[in-house]
Amino acid sequence: MIRRAQRRKMATYPFKAIESKWQTYWESHKTFHIPVEVDTSNPKFYVLDMFPYPSGSGLHVGHPEGYTASDIVARYKRMRGFNVLHPIGWDAFGLPAEQYALRTGTHPRITTEKNISRFRAQLKSLGFSYDWDREVDTTDPDYFRWTQWIFLRLFERGLAYEAEVPVWWCDALGTTLANEEVIDGKSDIGGHPCERRKLRQWVLRITSYAERLLQGLEETDWPASTKEMQRNWIGRSEGAEIDFPIQDHADQAIRVYTTRPDTIFGATYMVLAPEHSLVGVITTPEALDGVTAYQSQAARKSDLERSELQNEKTGVFTGAYAQNPATGSLIPIWVADYVLATYGTGAIMAVPGQDERDWEFAEQFGLPIRRTVQPPEDFTGNAFTGDGPAINSEFLNGFHVAEAKSCIIDWLESEGKGTRKINYKLRDWLFSRQRYWGEPIPIVFEDGGAHALPDDALPITLPELEEFRPSGSPEGPLALATDWLHTINPATGRPARRETNTMPQWAGSCWYFLRYIDPHNTDVLVDPGLEKYWMPVDLYIGGAEHAVLHLLYARFWHMVLYDAGIVSTSEPFAKLVHQGMILGELEYTAWRNVNTGAWVCASKVMDGRERDSGDEVESVRIVEEVAEKVSDHFVLKEAPDIRLDVRAFKMSKSRGNVVNPDEIIEQYGADAFRLYELFMGPLEQVKPWSTRGVQGTFRFLRRVWMLLTERKIDDTSPSVEQLRVLHKTIARVSEDIESLRMNTAIAALMEFVNAAYKWSSVPRAIAKPFVLLLAPFAPHISEELWEQLGHSQSLAYVPWPESQAQYLVDEFVKVPVQVNGKVRATIQVAPDADKNQVLELAKSNKNVQRFLNNKPPRREIYVPGRIVNLVAA
RNA sequence: GCCGGAGUGGCGGAAUGGUAGACGCGCAGGUCUUAGGAACCUGUGUUCUUGCGAGCGUGUGGGUUCGAGUCCCACCUCCGGCACCA
């Protein structure tokens, strides 16, 4: 059955033959290759996709959404005369290939190559106009040579250092993981349990770029939400560091960081993080047992476990006291894990009156509370964190928060008790991984010291291994490659031991966009002249899941390269757009009581149970036809009091709602698929997939095909009306592509075809520009039609049609006539008609007169060509 | 809790403060056909009306305006991110 339908599709619109023909043509003619030595007097456009990790499961329909959008822009800009750089490559290091190697003994390189071939074939089957001669692969030694080279630049600038860092260690994976790779105490990949261990690690000093990473956002055209996420991640705050002298320890003070120095008169106790170095110094003998027990208990908890139990704050008194530098009074020093060792100084002055966490702690342990900001009269809460006049604060009394802050900081500074201080939440970047399938870090150890290898020793390639099992020690699998491990330090000529850590997957993606510019250069990372021409990336399209990490790390490396004089811009990505996630098809779900078999209203289902009876319920996927909408929700037609859940879910293997692009292309062709991916809705929006929707764009292409092949193309000169339709379409499509509104651009193309179907024939002078407009969206069918219209060359570089203003205005327009804001008639006038004539015509309409009660209106409004509004007397 | 974004037909969505629902899916009727799950044409927010036309309608309640999906205020719901960062 399906085959018969397919044959019919093929017969009327032979997309398979067309698509393979043109893919072959582009490949053999290198249509989209742009030479390294390019004519730099032309304007350039660099349109970049976030390169994929070539996973074993191939592309899903979410990938091609962003890729299609960028491809449309690339093809459009080429036709606009730009030199277009539109490359692709592979972010191919990573854990899955290594884990596969563990299970099967297959070398990660084999797996990676296989996956890349699959991805490459899939991307080619979609007809993307990448310059395949610029493909990069992060696992290629010719590529990671330069990743290592950048690491050496970081090292020599003091931005890469070793530290003993408490890190997440995952026994199952045999490696450490970054904070962001551990979710709820389990590894992001695989879901294995993880624990904290202190290990020697390479760390990148991203924090010294915190301020610039923050400031640089101002000059980028990025989604506001992404900038905001980066700002929050960097987490700049302004405040003060203040020293609190410790009783009986005259030589020691507790330094705290606070953003509210104005509340210091309300600091009634202090808290040290359990890991704080002074805990052991100040704790009194009587308190020692309790404090030690508390410390070891806290060490076993993860950050999450600490914060999960927010409501039950824990802590223990050290027996020691500090002196409040403002009031001079003695206040107790506690240890509590609600204070983080890793932020600020690891110690706080606790001001329960103005801080909810401190209030909670103070209440729990009976510590004094002293308000220093007057809350408003109607304030009913506990701690008051808003603005108000200072109270109980001696010389600060009466000042509002901002004033009080600067006043107290001036005082602290003049007394030598504190200083103004800016703090960031951003931490340095843990850069070590105890894995095999990553870039080796180009460092050797001799006499316990780390030494950079010289540039000419690069690339440091991975040794061949038979075993990929983690060594079980924090050293990782490379420690097992003894021949590789023991080497000579070229600087001294003496035996040395290689670094066995490798780089995290983020490393290769921090700079790949630079290598595309000059991919085969063996002398430098990128030729400076070419870099200056092509950078920055004009349009970067990729998922919002990279809003913080990849985009922050890449910006950091780029700023370092900028400081080192290697690149010419400090920000790499001028404009950034995130494609929205594509969900599975809309699902209609009914709920049924497992025990009784009766339907259960969705509003009564709680956590898999019926709310009233507590019985277990099961979900039943039902077809759309048996559902019905009643006011704002869906119910079963046969039982209107049974509400349904209707929504689309994220595609996942376990849910079984994954759509495979290969199957869609097989059935409808790449052009129809590309068109549907963007016709669904705005690029940046989350939207559900609908295979039936693909039929719509397929039908459209078939109509195009029949319009321009079966119907007669003739050489008559086009009518003014036909020219109007064409030029309006040109204007709409051009504007929509410029602003990435691909869905409405496609709608405009559809409207053109609908209009053209009403014509008896299509003049060649109309057909040609239309095919060019269609080309960025549906390149295969467009090339074929272009050839049939009598051209022997690809249309890829044919100039984009220009819209002519004279055809953008109609001779007559229909203008609605409102009375009191409601449409009562429509009149037909010339767009530039005289205002009074239009108003007279409007008022002469019978229906209008009826609603004006046959009296002259009190007010008359005419927006030329748009609307008449008459206000009745 | 905090910070973003979004709520429009049966569904995806469109709309410089100016006729709400373009375009597509679905549905209904028709044409052609041995056939239709193909193609083409017509219709399709909802209620009343034979028709002309009229009432209602963009999450809820207010407001600004000749005119509000669009601007302002308050609230509700959903999605995404962050979450003891002092």
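Hydrogens, waters and symmetry mates play no part in the numbers below; they use all other heavy atoms, side chains included. Just so it is clear: chains get the letters A, B, ... in the order the sequence lines come, proteins before strands, and each one is counted from 1.
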Run the salt bridge (Lys or Arg N to Asp or Glu O under 4.0 Å) test against A:Asp645 and tell me which residues pass, sequence neighbours left out. none
Can you check whether A:Thr226 has a side-chain N or O nearer than 4.0 Å to OP1 or OP2 of B:G4? no
Review item, nucleotides 14-16 of chain B N/O atoms under 3.5 Å of protein N/O:
| residue | atom | partner | partner atom | Å |
| --- | --- | --- | --- | --- |
| B:A14 | OP1 | A:Asn743 | ND2 | 3.0 |
| B:U16 | O4 | A:Arg866 | NH1 | 3.4 |

Taking the ring of A:Phe679 and the ring of A:Phe700, is the distance between their centroids below 6.0 Å? no
Answer whether the closest heavy-atom distance between the side chains of A:Leu636 and A:Arg643 falls below 4.5 Å. no
Distances under 3.5 Å between nitrogen or oxygen atoms of protein and nucleotides 55-58 of chain B:
| residue | atom | partner | partner atom | Å |
| --- | --- | --- | --- | --- |
| B:G55 | OP1 | A:Arg824 | NH2 | 3.2 |
| B:G55 | OP2 | A:Arg824 | NH1 | 3.1 |
| B:C56 | OP2 | A:Lys822 | NZ | 2.7 |

If the condition is salt bridge (Lys or Arg N to Asp or Glu O under 4.0 Å), which residues does A:Arg260 pass it with, not counting sequence neighbours? A:Asp262
Which comes earlier along RNA chain B counting from the 5' end, the contact point of A:Leu586 or that of A:Leu426, where each point is its nearest nucleotide? A:Leu586
Any strand is fair game: report the nucleotide pairing with B:U31 by Watson-Crick or G-U wobble, both distances under 3.5 Å, or none. B:A39
Could you tell me whether A:Asn847 contacts a base, only the sugar-phosphate backbone, or nothing, with contacts defined as non-hydrogen atoms closer than 4.0 Å? sugar-phosphate
Generate the contact string for nucleotides 23-29 of chain B. Rules: B means base contact, S means sugar-phosphate contact only, - means no protein heavy atom under 4.0 Å. BSSS---
Syn or anti: how is B:G9 classified when any glycosidic angle within 90° of 0 counts as syn? syn
Using the P atom as the point on both nucleotides, what is the distance between B:G69 and B:G18, in whole Å? 10 Å
Distance-only criterion, 3.5 Å: show the donor-acceptor pairs between side-chain atoms of residues 746-758 of chain A and protein atoms not counting sequence neighbours.
| residue | atom | partner | partner atom | Å |
| --- | --- | --- | --- | --- |
| A:Glu751 | OE2 | A:Arg732 | NH1 | 3.4 |
| A:Glu751 | OE2 | A:Arg732 | NH2 | 2.9 |
| A:Asn754 | OD1 | A:Arg703 | NH2 | 2.9 |
| A:Tyr757 | OH | A:Arg703 | O | 2.8 |

Say we look at B:A15 and B:G4: how far apart would their P atoms be, to the nearest angstrom? 25 Å
Watson-Crick or G-U wobble partner for B:G51, using a 3.5 Å limit on both distances? none
Would you please indicate yes or no on a ring centroid separation below 6.0 angstrom for A:Trp689 and A:Tyr676? yes
Quick note, A:Ile867 side chain, CB onward, closest among B:U19, B:A54, B:A86 is B:U19
With sequence neighbours left out, what residues match A:Arg236 under side chain to side chain donor-acceptor pair (under 3.5 Å)? A:Glu211, A:Glu238
With A:Gln354, which residues qualify under side chain to side chain donor-acceptor pair (under 3.5 Å), at least two apart? A:Thr372
Mind checking whether A:Phe361 and A:Phe365 have parallel, tilted or perpendicular rings, split at 30° and 60°? tilted
Identify each atom pair where a protein N or O and an N or O of nucleotides 65-72 of chain B are less than 3.5 Å apart, giving names and distance.
| residue | atom | partner | partner atom | Å |
| --- | --- | --- | --- | --- |
| B:C66 | OP1 | A:Arg859 | NH1 | 2.8 |
| B:C66 | O2' | A:Asn869 | ND2 | 3.2 |
| B:C66 | O2 | A:Asn869 | ND2 | 2.6 |

Identify each atom pair where a protein N or O and an N or O of nucleotides 44-50 of chain B are less than 3.5 Å apart, giving names and distance.
none

Across all chains, not counting sequence neighbours, the side chain to side chain donor-acceptor pair (under 3.5 Å) partners of A:Glu241 are none
Taken in chain and number order and not counting sequence neighbours, the residues that satisfy salt bridge (Lys or Arg N to Asp or Glu O under 4.0 Å) with A:Glu65 are A:Lys687
It should be established whether A:Lys629 places a side-chain nitrogen or oxygen under 4.0 Å from OP1 or OP2 of nucleotide B:C11. yes
